[in-house]
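In what follows, a structure is listed as structure tokens, so that the remarks can point back to it.
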Amino acid sequence: MALHLYNTLSKKRELFQPLRDKEVGMYVCGPTVYGHSHLGHAKSYVSFDVIVRYLRYSGYRVRYVQNITDVGHLLGDTDDGEDRLVKQSKAEQKHPMEVADEYTRSYFEDMDALGVLRPDISPRATGHITEQIEIIKTLLQKGLAYEGNGSVYFDVRKFHAYGKLSGRVLEEMESGKRVEIKSEKRNPEDFALWKKATPEHVMRWPSPWSVGFPGWHIECSAMSMKYLGEGFDIHGGGLENQFPHHECEIAQSEGATGKPFVKYWLHNNMVTVDGQKMGKSLGNFTTLKDAFKRWEPEVVRFFILQSHYRSTLDFSNEAVDGAGRGLARLRQTFQQLAGRIQTAPEGNEPHTISLDTYRSEFCKAMDDDFNTPQAIAVLFELGKEINGLIASGKPFGRGSLQEIDEVRKELASGVLGILEETIAPQSLNGTSEADLLGLIVEIRKDIRAQKLWGISDKIRDGLQKLGIVIEDTKEGAQWKKVT
RNA sequence: GGCGCCGUACCCAAGUGGUAAGGGAGAGGUCUGCAAAACCUUUAUGCGGUGGUUCGAAUCCACUCGGCGCCUCCA
């Protein structure tokens, strides 16, 4: 089965066929950097990270571009709206650019922790003002935009395909219901390409029309087309940006170039809390920095991947705790496998696991619009079989056991970004510590041989308090660290 | 008001025409000095409700109840 993905533009699952053979250009709307990232951001960027990883695993050369929005856009489309970056900079008594930098670093720190691979290009909106102005000039030349009082607006009525992504029809939109009609605008649906700056607006640039700043939507058109070409394969983003943001991107880009902008639109769904959207406006969000105090970032990542990217994911402590226990079990399986590999005899005494079946089942799930929950289920099935194999106590050859671990490296680490690249058999953290614990386990073994259970249990309980769990198995005691 | 989505066991969550994945939690068992882990078994004749189409529906259609998203910045 070849890769199929759900295209929001056609509202159908489509066979993935990139514009240029094995090359894929992909753009995802990045964060506006005026606050710490929350679980909603994590869902989005982890999802797209796995999509990029899987495309690469499938043999595509991907150029992944994700912007950083550091221009202060207005709340609303009115002149009295507040600039979010300016607002935050006042609160922190910093220059808006300091704020942008602070939260850009914070963003990457969180994403790195989550195992999200860095995009190939992370362009900043403020670094591409010239490109944005160029597009606006073209739109004016083509008569798709007009100027009024130093600001420039896109004339939505001139672009007949407007609404093709979101399914909106101009006539049916109740105009001006939530947006104040601006006198400069010909029609309430028109959106700003360039805004003349008010005196208090610090982030400002010269342009042919006024000293001002670009509209929100134009940055993504400018940066995506600069690095990926006028038409490219995949554009991703949050569902809430489908309208107006992505609809406007299409209008500007296709209006300016006359070419199809994006072939596949991918939209990820939201994290909810008690059924309600987690978002900045509702204030019901959990920042990643707070989440990481309770859970390892990998657990958060795993929790996210246990639901489909196009489904909402309901967040609760109980649900993430549950995901954490599941991941711990899976990790334990591979830790024990690693232990076996160390002590296994040379040679290839074969195991009975059909690794190719697991590989193909995993890919079948991922080929079906990146069904990560299904893919994880495949890994659990594999884990179950590995556990059975370990429990059987049969002496499999080292080479054949390593083959099994290869699957973990490939699918779990490589594609899903869970279960780190190398798993130490007993999570050892420096040799001296491991030697020390080995000695304790050895002494305890002698104590147990004398059936001095009290002392034996005292050692085990004491170690547990230090975060080290002793497990007595048929093959002797094993220890592992718990966090 | 317009556009759209969702409702699957105690919790999270796959499944879009062929007879309910997976994880967590719970129960029983094997093993064990005990514990933990692991392994085996088990937990929805049922997929919000009511009709309909079909040999067959969680899946398609209609109606209905409940929840949510977008239309203002938001991943």
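Chain naming here is simple, since letters A, B, ... match the order of the sequence lines and numbering starts at 1 in each.
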Applying a 3.5 Å limit to both distances, which nucleotide forms a Watson-Crick or G-U wobble pair with A37(B)? none

Between A58(B) and C70(B), how far is it from one C1' atom to the other, in whole Å? 27 Å

What's the gap between C11(B) and U16(B) when it is taken at their P atoms, as a whole Å value? 23 Å

If we call it a pair only when both distances are under 3.5 Å in a Watson-Crick or G-U wobble match, what pairs with U59(B)? none

U30(B) and C34(B), which share atom name P, separated by this distance in whole Å: 12 Å

Taking CD from E189(A) and P from C3(B), how many angstroms apart are they, rounded to a whole number? 16 Å

Send over the distance from M278(A) CE to A75(B) P, rounded to a whole Å. 13 Å

In whole angstroms, how far is the P atom of A14(B) from the CG atom of L379(A)? 16 Å

Base versus backbone protein contacts along nucleotides 30-41 of chain B [heavy-atom cut-off under 4.0 Å; B, S, -]: ---BBBBSSSS-

Regarding K43(A) and the six-membered ring of F303(A), is the cationic atom NZ or CZ under 6.0 Å from the ring centre and inside 45° of its axis? no

Of all the nucleotides listed (A75(B), C12(B), A13(B)), which has the minimum atom distance to the side chain of S307(A)? A13(B)

Would you say N371(A) reaches G15(B)'s phosphate, i.e. side-chain N/O to OP1/OP2 under 4.0 Å? yes

Comparing N269(A) and T272(A) on RNA chain B - which has the more 5′ nearest nucleotide: T272(A)

G4(B) -> Watson-Crick or G-U wobble partner, both distances under 3.5 Å, gives C68(B)

Just compare C71(B), C12(B), G23(B) and give me whichever is closest to any side-chain atom of D314(A). C12(B)

Could you measure between the two C1' atoms, the one in G69(B) and the one in U45(B), and give it in whole Å? 35 Å

Looking at the side chain of Q374(A), which of G69(B), A25(B), A14(B) is the nearest nucleotide? A14(B)

Below 4.0 Å: OP1/OP2 of C5(B) and any side-chain N or O of T312(A): no

May I ask you to check whether Y227(A) and H128(A) place their ring centers less than 6.0 Å from one another? yes

Quick one: R310(A) CZ to G7(B) P, roughly how many Å, whole number? 12 Å

Can you check whether Y153(A)'s main-chain N or O pairs, donor with acceptor, with D190(A)'s side chain at less than 3.5 Å? no

Would you kindly give the NE2-to-P distance between H308(A) and C12(B), to the nearest whole Å? 19 Å

Round to the nearest Å and state the distance from F213(A) atom CZ to C73(B) atom P. 12 Å

What do you reckon, are the aromatic ring centroids of H235(A) and Y264(A) less than 6.0 Å apart? no

Under 4.0 Å, counting only non-hydrogen atoms across every strand here, what does Y45(A) touch: a base, just sugar-phosphate, or nothing? sugar-phosphate

If you measure from the P atom in U59(B) to the same atom in U53(B), how many Å do you get, rounded? 15 Å

Mate of A14(B) where both pairing distances stay under 3.5 Å, Watson-Crick or G-U: none

When you measure from the centre of the six-membered ring of Y162(A), is the NZ or CZ of R157(A) closer than 6.0 Å and no more than 45° off the axis? no

Which of the following nucleotides, A14(B), G69(B), A13(B), is nearest to the side chain of Q276(A)? G69(B)

Name the closest nucleotide to the K277(A) side chain, picking from C73(B), A21(B), G69(B). G69(B)

Has R310(A) got its NZ or CZ under 6.0 Å from the middle of the six-membered ring of Y6(A), at an angle within 45 degrees of the ring axis? yes

Pull out every residue in residues 36-43 of chain A that has a heavy atom closer than 4.0 Å to any atom of RNA chain B, ordered by number, or say none. H38(A), G40(A), H41(A)

With E471(A) via salt bridge (charged side-chain N to carboxylate O under 4.0 Å, His left out) - residues at least two apart: K480(A)

Under a 3.5 Å threshold, yes or no: a donor from one side chain and an acceptor from the other, between E14(A) and S10(A)? yes

Hey, mind stepping through K164(A) and E247(A) against salt bridge (Lys or Arg N to Asp or Glu O under 4.0 Å) and telling me if it holds? CA-CA 8 Å; K164(A) 70 175 175 181; E247(A) 194 70 65; over 6 Å; no

Check ion pair K458(A)-D461(A) (N to O, under 4.0 angstrom): no

Result of checking K451(A), R444(A), Q450(A) against R448(A) for side chain to side chain contact (heavy atoms under 4.5 Å, CB included): R444(A)

Cationic N near anionic O, under 4.0 Å, R124(A) to D101(A): yes

Atom-to-atom span, CZ of F303(A) to C1' of A14(B) - whole angstrom: 15 Å

Earlier contact from the 5' end, RNA chain B, for V378(A) and L313(A): L313(A)

Does A377(A) reach a base, just sugar-phosphate, or nothing at all? Heavy atoms under 4.0 Å. base

Atom C1', compared across C6(B) and G24(B): separation rounded to whole Å: 23 Å

Taking any strand in view, what nucleotide pairs with U45(B) in a Watson-Crick or G-U wobble way, both distances under 3.5 Å? none

Rounded C1' spacing from U19(B) to C71(B) in Å: 42 Å

Expressed in whole Å, how much space separates the C1' atoms belonging to G15(B) and A44(B)? 14 Å

For L305(A) and A14(B), what is the distance between atoms CG and P respectively, to the nearest whole Å? 12 Å

If you look at every strand shown and take non-hydrogen atoms under 4.0 Å, does E240(A) touch a base, only sugar-phosphate, or nothing? base

Name the nucleic acid region contacted by V320(A), choosing base, sugar-phosphate or nothing; use a 4.0 angstrom heavy-atom cut-off, strictly under. nothing

